[in-house]
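Since the model is a prediction, treat every value here as computed from it, not as a measurement. Order of listing sets the numbers, starting from 1, for every ligand and every atom in it.
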Amino acid sequence: MPTPDLLDPKKEHSLVLVKPDGFARGLTGEVLRRIEAKGYVLKGLKIKKATPELLDRHYVEHKEKHFFQDLVDYMSSGPVVAIVVEGDRVIEGVRSLMGNTNPTLAAPGTIRGDLGRDWGTGNVENIVHGSDSPLSAHREINLWFPELMWDEEADSK
Ligand code: IDP
Ligand code: MG
């Protein structure tokens, strides 16, 4: 019988990160405000300095990309705020609140479009991460919030 504070596996969840640039610029509250104003519910929240090992697992799909090392350096350059958000179609919804990966292309009104900075010179600072699918969300929440998970074995590989 799951304890009441475990996530309900029947509901949709997303793992959101306020990245080191967002945290350092004091934008955590702004990101949370937009998520809550949209009606999503916060289920987990912590400040954490991500280790390269954690980031290796978090960004496993990008391991072979040319920007991988820059990405790990950026993401381990300072604390991040990790958040579990719950709601109907929250994965798509958070992605749409975030906007395009590249802040220059992100539409005004989105977090990255309003607040992100251009990375024309190789800068990768785009303030937020949000899971891109239910499978990624499950894997990522398991990494960042193992204490909230209902299936401890999943994605441990
Ligand atoms: P997403 O964060 O919008 O899901 P992904 O393609 O999954 O975008 O990339 C993960 C993160 O890697 C991005 O948010 C960004 O910080 C960084 N990144 C993605 N593409 C590039 C690139 O071409 N150059 C440098 N950094 C990149
Ligand atoms: Mg992604």
**Student:** Side chain or backbone of His62 under 4.0 Å from ligand 1, or both, or neither, by non-hydrogen atoms?
**Tutor:** side chain

**Student:** Please say whether Arg95 places an N or O atom under 3.5 Å from an N or O atom belonging to ligand 1.
**Tutor:** yes

**Student:** For Phe145, does the six-membered ring have the charged nitrogen or CZ of Lys46 within the cation-pi criterion, i.e. under 6.0 angstrom from the centroid and within 45° of the normal?
**Tutor:**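 That pair qualifies as a cation-pi contact.
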
**Student:** Enumerate the salt bridge (Lys or Arg N to Asp or Glu O under 4.0 Å) contacts for residues 34-44, please, sequence neighbours excluded, ordered by first and then second residue.
**Tutor:** Glu30-Arg34, Arg34-Asp114, Lys43-Glu86

**Student:** Verify whether one side chain among Tyr74 and Asp21 offers a donor that lies under 3.5 Å from an acceptor in the other.
**Tutor:** yes

**Student:** Could you list the atoms of ligand 1 found under 4.0 angstrom from a heavy atom of Tyr59?
**Tutor:**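 Heavy-atom distances to Tyr59 below 4.0 Å select 10 (C).
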
**Student:** Any heavy atom of Met75 closer to ligand 1 than 4.0 angstrom?
**Tutor:** no

**Student:** Can a non-hydrogen atom of Arg112 be found less than 4.0 Å from any atom of ligand 1?
**Tutor:** yes

**Student:** Quick one: does His13's side chain get under 4.5 Å of Lys11's, heavy atoms only?
**Tutor:**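 His13 vs Lys11: side chains touch.
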
**Student:** Ignoring angles and geometry beyond distance, decide whether Glu61 reaches within less than 3.5 Å of ligand 1 through its nitrogen or oxygen atoms.
**Tutor:** no

**Student:** Under 4.0 Å, counting heavy atoms only: does Asp70 come that close to any atom of ligand 1?
**Tutor:** no

**Student:** Between Lys63 and Asp56, does any NZ, NE, NH1 or NH2 come within less than 4.0 Å of an OD or OE carboxylate oxygen?
**Tutor:** yes

**Student:** Please list, in number order, the atoms of ligand 1 under 4.0 Å from a heavy atom of Asn126.
**Tutor:**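 Ligand 1 atoms under the 4.0 Å threshold to Asn126: 13 (C), 14 (O), 15 (C), 16 (O).
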
**Student:** Hey, are Arg139 and Glu61 close enough for a salt bridge, meaning a charged N less than 4.0 Å from a carboxylate O?
**Tutor:**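 A salt bridge links Arg139 with Glu61.
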
**Student:** Do the two ring centres, one from His58 and one from His129, sit under 6.0 Å apart?
**Tutor:**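 Yes, the ring of His58 comes within the 6.0 Å limit of the ring of His129, centre to centre.
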
**Student:** Enumerate the atoms of ligand 1 whose separation from the nearest heavy atom of Lys19 is less than 4.0 angstrom.
**Tutor:** 13 (C), 14 (O), 16 (O)

